Amino acid sequence: MFTSGTVGKSKGVSVPLSALPAFYLYMRYAIDLRADDQYWNMADPGWAYGLYYAITGPLLLGITTYFNEAGFDATNTRDFMMRHQITNLASSPTAFRMMKSSGVFDNVNEDNNAKLALRCANSAGGDAEYRGRQLG
């Protein structure tokens with residue numbers, strides 16, 4: 001596998017077979033990835049988290065994973081989630097804060113023709129803030 005180099009060309013990354021069970025367990029029990037999920041990990045696959053948990057992890061579970069090549073924009077994110085009926089989303093705390101502060105997700109489920117299908121949201125890295133609230 002290859003990941004982006006901070007400087008220069010992409011670098012080959014050796015992933016030992018012994019790491020794959022850990023990826024599987026993380027995806028299944030920490031991310032709560034299920035067979036019927038539409039999964040989107042917003043992390044860039046050029047970085048380790050995206051490479052391991054947007055590509056390798058879902059492949060281990062046989063789950064479809066989605067990618068959005070557009071730069072981050074809260075409206076685009078909401079529209080992508082609705083268009084693909086994303087049920088499980090992984091992203092950074094910063095992206096979640098930007099989504100919340102944008103206002104585009106306010107009252108999103110009031111339109112019966114354009115509801116989010118989100119069942120589960122996950123975050124890694126940064127300063128995560130959790131406020132218990134049921135999704136959907």
Side-chain angles (χ1 to χ4, degrees):
M1 289 190 233
F2 286 82
T3 187
S4 68
T6 304
V7 256
K9 294 183 177 182
S10 298
K11 312 276 188 296
V13 177
S14 176
V15 179
L17 271 171
S18 61
L20 298 182
F23 292 176
Y24 177 92
L25 291 170
Y26 179 75
M27 297 303 297
R28 179 63 193 97
Y29 298 105
I31 299 295
D32 193 25
L33 195 56
R34 300 177 185 174
D36 60 344
D37 273 333
Q38 302 298 314
Y39 178 64
W40 181 24
N41 181 329
M42 294 175 68
D44 188 313
W47 295 94
Y49 194 78
L51 179 63
Y52 300 152
Y53 305 117
I55 298 174
T56 309
L59 284 173
L60 285 169
L61 278 77
I63 307 293
T64 300
T65 186
Y66 289 83
F67 292 94
N68 183 349
E69 294 184 25
F72 179 81
D73 171 84
T75 302
N76 174 273
T77 298
R78 180 202 58 206
D79 295 347
F80 186 89
M81 290 172 67
M82 288 179 166
R83 184 170 50 256
H84 297 286
Q85 291 295 287
I86 300 299
T87 58
N88 191 319
L89 176 69
S91 193
S92 69
T94 300
F96 281 121
R97 283 191 292 271
M98 291 171 71
M99 285 184 248
K100 181 169 176 41
S101 68
S102 73
V104 301
F105 285 87
D106 295 350
N107 306 316
V108 73
N109 281 338
E110 290 180 7
D111 179 356
N112 286 330
N113 297 318
K115 287 188 174 188
L116 285 177
L118 193 63
R119 175 187 65 77
C120 184
N122 301 279
S123 186
D127 297 326
E129 177 182 318
Y130 173 78
R131 291 190 181 126
R133 182 177 147 198
Q134 187 171 351
L135 299 172

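Keep in mind it's a predicted model, so treat the numbers as computed, not measured.
- The aromatic rings of Y53 and F23 lie perpendicular to each other, with more than 60° between the two planes, well past the 30° mark.
- Atom CE of M81 is separated from atom CG of N76 by 11.5 Å, given to the nearest 0.5 angstrom.
- Nearest approach of T77 to M99, heavy atoms of both residues: CG2-SD, 3.8 Å.
- Using a 4.5 Å cut-off on side-chain heavy atoms (C-beta onward), D32 and R119 make contact.
- Of all non-hydrogen atoms in A54 and Y39, the two that sit nearest each other are CA-CE2, 4.4 Å.
- Ring geometry for W40 against F80 counts as tilted: the plane angle lies between 30° and 60°, on a 0 to 90° scale.
- For F96 against S91, the heavy-atom pair with the smallest separation is CE1-O, 3.6 Å.
- Counting heavy atoms from C-beta on, the side chains of R34 and N88 never come closer than 4.5 Å.
- A pairwise comparison of heavy atoms in M98 and A74 identifies O-CB, 4.4 Å as the closest pair.
- Taken from NZ in K100 to CG in D106, the straight-line distance is 7.0 Å, to the nearest 0.5 Å.
- Contact check for S92 versus M42: no side-chain heavy atoms found under the 4.5 Å cut-off.
- A distance of 7.5 Å separates SG of C120 from CD1 of I31, quoted to the nearest 0.5 Å.
- A distance-only check finds a donor-acceptor pair linking the side chain of N109 to the backbone of L116 [under 3.5 Å].
- Atom OH of Y49 has more than 12 heavy atoms from other residues, nucleotides or ligands within 6.0 Å.
- Between K115 and V108, every side-chain heavy-atom pair lies at or beyond the 4.5 Å cut-off.
- Atom-to-atom distance recorded for N41:CG and Y52:OH is 13.5 Å, nearest 0.5 angstrom.
- Residue L118 holds its CG atom at 9.0 Å from CD1 of I86, rounded to the nearest 0.5 Å.
- Put simply, OG1 on T94 and CZ on R97 are 4.5 Å apart, with the number rounded to the nearest 0.5 Å.
- In this structure, D37 and I63 approach most closely via the heavy-atom pair O-CG2, 3.9 Å.
- The heavy-atom pair separating A30 from N122 by the smallest distance is O-OD1, 3.4 Å.
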